[in-house]
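Read through the structure below, which is laid out as structure tokens, and then see the notes.
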Amino acid sequence: MNYRINPRSMFPPAGNHSHAILTTGVNSFLHTSGIAPIATDGTTPAETADQAQVIWENAKAILADAHMEPQDVISTTTYVVVGEDLNSL
């Protein structure tokens, strides 16, 4: 069974999209794509470190809605704009 995951603590997703899909059965899998650095109020922080903080807060909210925790994550991929200073991360 598939369930849409759209935490109320996050800015709503665009269109008919969901922040994540939880697939349940013998095992549960949570699928996300493109967790954006959009804060609850709809703003995006200017600084890369602040954007990373918002992304991880959003990821934790998605996990919590799926009754999961950060240690349940198997893999992540991070994309950063070329030329951004990553020393603060």
Side-chain angles (χ1 to χ4, degrees):
M1 195 76 164
N2 294 323
Y3 301 94
R4 291 174 176 249
I5 302 294
N6 292 306
R8 293 177 191 254
S9 63
M10 290 178 66
F11 194 74
N16 194 28
H17 300 281
S18 291
H19 288 299
I21 299 292
L22 176 63
T23 303
T24 61
V26 175
N27 295 306
S28 293
F29 294 93
L30 183 65
H31 306 273
T32 64
S33 178
I35 299 175
I38 301 173
T40 304
D41 63 2
T43 62
T44 299
E47 299 296 321
T48 304
D50 295 331
Q51 290 179 15
Q53 181 66 35
V54 170
I55 288 169
W56 283 108
E57 288 171 5
N58 288 344
K60 288 179 193 175
I62 290 169
L63 288 166
D65 261 30
H67 305 287
M68 294 182 175
E69 298 179 3
Q71 59 263 31
D72 294 317
V73 174
I74 295 170
S75 176
T76 64
T77 301
T78 302
Y79 297 97
V80 180
V81 175
V82 174
E84 290 294 319
D85 179 18
L86 303 182
N87 291 326
S88 62
L89 301 180

>> Counting C-beta onward and ignoring hydrogens, is there a side-chain heavy-atom pair between Thr23 and His31 closer than 4.5 Å?
In response: yes
>> Donor-acceptor pair, distance only, cut-off 3.5 Å: does the side chain of Ser18 make one with the backbone of Asn6?
In response: no
> Looking at CG of Asp50 and CD1 of Ile55, how far apart are the two atoms once the value is rounded to the nearest 0.5 Å?
Replying inline: 11.0 Å
> By side-chain contact (heavy atoms from CB on, under 4.5 Å), which residues pair with Asp41, not counting sequence neighbours?
Replying inline: Ala39, Thr43
> Does some side-chain heavy atom of Ser33 sit less than 4.5 Å from a side-chain heavy atom of His19?
Replying inline: no
>> Applying a strict under-4.5 Å side-chain criterion to I, L, V, M, F, W and Y, I'd like to know whether Val73 and Leu30 cluster together.
In response: yes
>> Are Ile35 and Val54 linked, directly or through intermediate hydrophobic residues, by side-chain heavy-atom contacts shorter than 4.5 Å (ILVMFWY only)?
In response: no
>> Walk me through whether Trp56 and Thr76 qualify under side chain to side chain contact (heavy atoms under 4.5 Å, CB included).
In response: CA-CA 11 Å; Trp56 283 108; Thr76 64; 4.0 Å; yes
> Quick check: does any side chain N or O of Gln51 sit under 3.5 Å from a backbone N or O of Pro45, one acting as donor and the other as acceptor?
Replying inline: yes
> What's the verdict on side chain to side chain contact (heavy atoms under 4.5 Å, CB included) for Thr24 and Tyr3, showing C-alpha distance, side-chain angles and the deciding distance?
Replying inline: CA-CA 8 Å; Thr24 61; Tyr3 301 94; 3.4 Å; yes
Table please: side-chain donor-acceptor pairs of residues 58-67 below 3.5 Å, with sequence neighbours left out.
unit_1	atom_1	unit_2	atom_2	d
Asn58	ND2	Ala36	O	3.1
Asn58	ND2	Ile38	O	3.2

